[in-house]
**Student:** 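Sending over a structure as structure tokens; questions will come in a sec.
Since this is a predicted model, take the numbers as computed values, not measurements. In what follows, chains carry the letters A, B, and so on, assigned in the order in which the sequence lines appear, proteins first and then strands, with residues in each chain numbered from 1.
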Amino acid sequence: MSERLRGRIEDDDRGIGIPCILCLEKHGHEPVKEIRRRSVLRRKLRQSVEGSEGQRMTVDEENCSCQENQLPSICIAGYNTLMGEKRRCIAPEMISGRNSFMEKTRVRFAPSPTGALHIGGGHTALFNWLWARHTGGSFILRIEDTDMERSTKEFEDTIMSGLVWLGLDWDEGPDRGGDFGPYRQSERLHLYRKYAGQLVDEGLAYKEGDAVIFRVPQGKTLAFDDVVYGHIEMQSETLKDIVLMKSDGMPTYNYAVVVDDHCMAISHVIRGEDHISNTPKQLLLYDALRWERPVFAHLPMILGKDKKKLSKRHGATSIYEYRDMGYFPEAVFNFLGNLGWNAGDEKEIYTRDEAATLFDLARVTRKAAVFDMEKLNFINQEHLKRLDPDVRLSLVEPFWREEGLSVDAFDRRYLRDALTLMGGRGQTIRELAAYASYFLSFDVVRERYDGKDITEEQRGGLKEFFSALLSSPAWSTETLEAFTRNWADAKGIRIKDLAMPLRMAITGAKVSPGIFEVASLMGRDEVRKRLVGYDLLG
RNA sequence: GGUCCCAUAGUCCAGUGGCCUAGGACACGGCCCUUUCAAGGCUGUGACACGGGUUCGAAUCCCGUUGGGACCGCCA
């Protein structure tokens, strides 16, 4: 960053300076140290972003009483115009201490391999990924396996495949390496030992048993500016001394994150709101180690229907359970993305790429969000409708196979068209597969419909009609429908009285897509077979 | 208990002191379309937690109350 900006930032006791161009008050600019309110900071931030997007500031410059003091904007999540060049950067206004202004964005997802990837973890990973992709930065996967009791390699693998399933690819990680490895905490012990030793040597930490404990100084105000929650501060008195190294030789979470985030040059720490109260402890460690702090951005929690932290008793919590229920990655991604973020317009269905383009940390909400399955269903259905027919088929296939249907016996084009015909029917892939199963099997039809509702009196008329229908020369949706309409007109009956028995006989259900389309696609032979099966053909 | 965070319909979001008679979406109800069910179109019910204050003007700023949540581990 420029010396001028650095000076300005450090002049202020909070390490923040707001240039006059963002002055919104007609009576002159307020020193930022008085603008402690989160909402004001957020407004400034917003203003700045809008200004950059529109290539000019939205502030009414004529009414700004302090134009001569005007400095070009330092910007947030947008483009910096300070040096007269456009450059992506993060929010200096929101930064205390470290300024990653000119540096590449580096974010990380740091799960501990003590379980499968769950909804909350997926949400955090997603937001990190979005920010990395939005800023053109790096998304790093770090495995926090310092809990030797509960961590397993299996869970590590499951978590990784869960991320892959969601479409969240990482640039550095235990499986693919990177310049800041190793990416498993259990392999970085020398670092934790080194800095713990340094703190002990400096008298900032002490040993107790085999553990190393950091002495929390009294009377310090621990403050930071969170990108989403604003200014947060806490008094050091409220903290107990912090265990750095456990007696088993492993570092504790609060210590290891600090060492790793620093050593891996993480620019933004984006994690769940439940970590807000851990942050002051980490701040203390950054200061003790004389390291620059990353930017902190905490994310709202995801709650169950009872507004309690999402857990097993709320039903499915692992990402894989959703896959198995018939939800697919783009939809889960989309749904999770809508929890705590929106692009500022009314768009709520988007692809991964669209989300990455639109995403903005500054627009993340603070209120905890309730996980609503109904909404997930809807979003899944919307994506299902938009899916490429071949992709849709490949997604439905496994569910058909699971039901024991002989998928391979059919022409893929037929199956694909069958699914296309299903249109918006079904919210999950599993549902769609079940609804469309009659295209592949007459058995499923017989299982659910016995044909006993047809009276002998009706049967006569139907046999006559179906025989005529089956021997009509053309076999298309249009001809089938026209033929049926004409027949109904001629006999003075409702078309429904012909269409419904046909539907029941070939699909076994009262609901289906347009029955003439179904019959047309299924083919004359198959329709004949099914009508014969119900004794409806003369 | 201590500390911190949050507060717009049942749910997810919009809202940044006047464009608010509070907007969109899910869910729910009605109507249209129609061979059924979806989809689609139109439409209805439904919210600024409460109380003070600042202001000509408050969902929005301030204070308090209430409610909810998180964290206070040699778990992460």
Side-chain angles (χ1 to χ4, degrees), chain A residues 24 37-40 42-47 110-115 144-147 149-151 185 208-213 226 229-230 232-235 237-240 242-257 271-281 298 300-301 303 305 307-309 335 338-349 363 365-379 381-382 385 422-427 435 481 484-485 488 494-504 507 509-516:
Chain A
L24 302 174
R37 293 288 309 163
R38 179 201 65 236
S39 55
V40 176
R42 285 172 70 88
R43 188 179 60 193
K44 303 271 185 206
L45 180 149
R46 205 39 195 289
Q47 206 86 24
S112 83
T114 53
E144 309 216 328
D145 56 350
T146 55
D147 182 342
E149 305 274 295
R150 300 190 299 144
S151 300
Q185 291 189 326
E208 193 176 285
D210 294 322
V212 179
I213 301 173
D226 190 282
Y229 285 88
I232 294 175
E233 56 178 56
M234 196 181 282
Q235 298 307 125
E237 280 71 17
T238 63
L239 263 32
K240 290 195 268 185
I242 304 162
V243 175
L244 266 24
M245 299 296 290
K246 304 186 263 185
S247 9
D248 67 359
M250 286 292 187
T252 57
Y253 164 77
N254 280 119
Y255 172 56
V257 237
R271 73 223 317 184
E273 185 237 80
D274 47 342
H275 284 293
I276 285 185
S277 27
N278 282 324
T279 310
K281 298 177 199 168
H298 288 90
M301 302 263 82
L303 274 24
K305 259 205 161 5
K307 303 215 176 200
K308 298 267 191 273
K309 196 172 175 178
F335 172 70
N338 280 335
L339 258 29
W341 174 75
N342 92 312
D345 52 20
E346 285 169 2
K347 185 181 174 69
E348 58 174 3
I349 303 294
R363 286 196 60 87
T365 325
R366 276 144 287 156
K367 193 174 83 170
V370 173
F371 185 94
D372 181 13
M373 194 76 100
E374 298 284 358
K375 188 79 172 209
L376 208 211
N377 286 337
F378 167 76
I379 290 178
Q381 182 175 29
E382 286 302 303
K385 284 192 288 194
M422 295 305 289
R425 272 158 274 246
Q427 294 192 307
Y435 288 166
E481 177 162 1
T484 307
R485 283 190 188 285
R494 295 171 302 179
I495 187 168
K496 184 180 178 174
D497 296 324
L498 299 172
M500 211 38 157
L502 176 61
R503 168 172 292 110
M504 291 308 297
T507 72
K510 283 190 220 133
V511 304
S512 81
I515 197 59
F516 303 114

**Student:** Could you check which of B:C12, B:A76, B:A27 has an atom nearest any side-chain atom of A:Gln427?
**Tutor:** B:A27

**Student:** Of all the choices, B:U35, B:U36, B:A70, which nucleotide is nearest to the side chain of A:Glu481 once you look at every atom?
**Tutor:** B:U35

**Student:** With sequence neighbours left out, write down each residue that passes ring pair (Phe, Tyr, Trp, His ring centres under 6.0 Å) with A:Phe335, or none if nothing qualifies.
**Tutor:** A:Phe371

**Student:** I want to verify a distance call: between B:U35, B:A39, B:C75, whose nearest atom is closest to the A:Arg150 side chain?
**Tutor:** B:C75

**Student:** Could you pull out all residues at least two apart from A:Gln381 that satisfy side chain to side chain donor-acceptor pair (under 3.5 Å)?
**Tutor:** A:Gln427

**Student:** Taking the C1' atom in each of B:C6 and B:C13, what is the distance between them to the nearest angstrom?
**Tutor:** 16 Å

**Student:** Of all the nucleotides listed (B:C37, B:G68, B:C5), which has the minimum atom distance to the side chain of A:Arg425?
**Tutor:** B:C37

**Student:** A:Met245 versus A:Pro251: any side-chain heavy-atom pair under 4.5 Å?
**Tutor:** yes

**Student:** Please state whether the phosphate of B:C71, meaning OP1 or OP2, lies under 4.0 angstrom from any side-chain nitrogen or oxygen of A:Lys309.
**Tutor:** yes

**Student:** Dump the pairs, protein N or O against N or O of nucleotides 22-25 of chain B, anything under 3.5 Å, distances to one decimal.
**Tutor:**
{"from": "B:G23", "atom 1": "O2'", "to": "A:Glu346", "atom 2": "OE2", "distance (Å)": "3.2"}
{"from": "B:G24", "atom 1": "O4'", "to": "A:Glu346", "atom 2": "OE2", "distance (Å)": "3.2"}
{"from": "B:A25", "atom 1": "O4'", "to": "A:Glu348", "atom 2": "OE2", "distance (Å)": "3.3"}
{"from": "B:A25", "atom 1": "O2'", "to": "A:Glu348", "atom 2": "OE2", "distance (Å)": "2.1"}
{"from": "B:A25", "atom 1": "O2'", "to": "A:Lys375", "atom 2": "NZ", "distance (Å)": "3.2"}
{"from": "B:A25", "atom 1": "N3", "to": "A:Lys375", "atom 2": "NZ", "distance (Å)": "2.9"}

**Student:** With heavy-atom distances below 4.5 Å as the criterion, would you say the side chains of A:Lys307 and A:Val370 are in contact?
**Tutor:** yes

**Student:** Residues in side-chain contact (heavy atoms from CB on, under 4.5 Å) with A:Lys510, at least two apart?
**Tutor:** A:Met500, A:Met504

**Student:** Mind checking what makes side chain to side chain donor-acceptor pair (under 3.5 Å) contact with A:Lys496, not counting sequence neighbours?
**Tutor:** none

**Student:** If the condition is side-chain contact (heavy atoms from CB on, under 4.5 Å), which residues does A:Glu237 pass it with, not counting sequence neighbours?
**Tutor:** A:Gln218, A:Gln235

**Student:** Under the rule for side-chain contact (heavy atoms from CB on, under 4.5 Å), what residues qualify as partners of A:Arg271, not counting sequence neighbours?
**Tutor:** A:Arg108, A:Tyr253, A:Val257, A:Val269, A:His275, A:Thr279, A:Gln282, A:Phe296, A:His298

**Student:** Of all the choices, B:U35, B:A14, B:C12, which nucleotide is nearest to the side chain of A:Ile515 once you look at every atom?
**Tutor:** B:U35

**Student:** As a check on the pairing definition, encode RNA chain B in dot-bracket form, counting Watson-Crick and G-U wobble pairs whose two distances are under 3.5 Å, and using | for partners outside this strand.
**Tutor:** (((((((..((((....[....)))).(((((.......)))))....(((((..]....))))))))))))....

**Student:** Look at the side chain of A:Lys367 and decide which nucleotide, out of B:U11, B:G15, B:C12, has an atom nearest to it.
**Tutor:** B:C12

**Student:** Kindly point out which of B:U35, B:A38, B:A76 is positioned nearest to the side chain of A:His275?
**Tutor:** B:A76

**Student:** Select base, sugar-phosphate, or nothing to describe what A:Lys347 touches, counting heavy atoms under 4.0 Å on all strands.
**Tutor:** nothing

**Student:** Nearest of B:U11, B:U35, B:C74 to any side-chain atom of A:Val370?
**Tutor:** B:U11

**Student:** A:Asp372 has a side chain; which of B:A76, B:G10, B:A70 sits nearest to it?
**Tutor:** B:G10

**Student:** Under 4.0 Å between any heavy atoms, over every strand shown, what does A:Ala369 touch: base, sugar-phosphate, or nothing? Just pick one.
**Tutor:** sugar-phosphate

**Student:** Identify which nucleotide among B:A76, B:C6, B:U11 has an atom closest to any side-chain atom of A:Arg366, counting heavy atoms from C-beta outward.
**Tutor:** B:C6

**Student:** Please identify each residue that fulfils side-chain contact (heavy atoms from CB on, under 4.5 Å) with A:Ala369, with sequence neighbours left out.
**Tutor:** A:Leu339

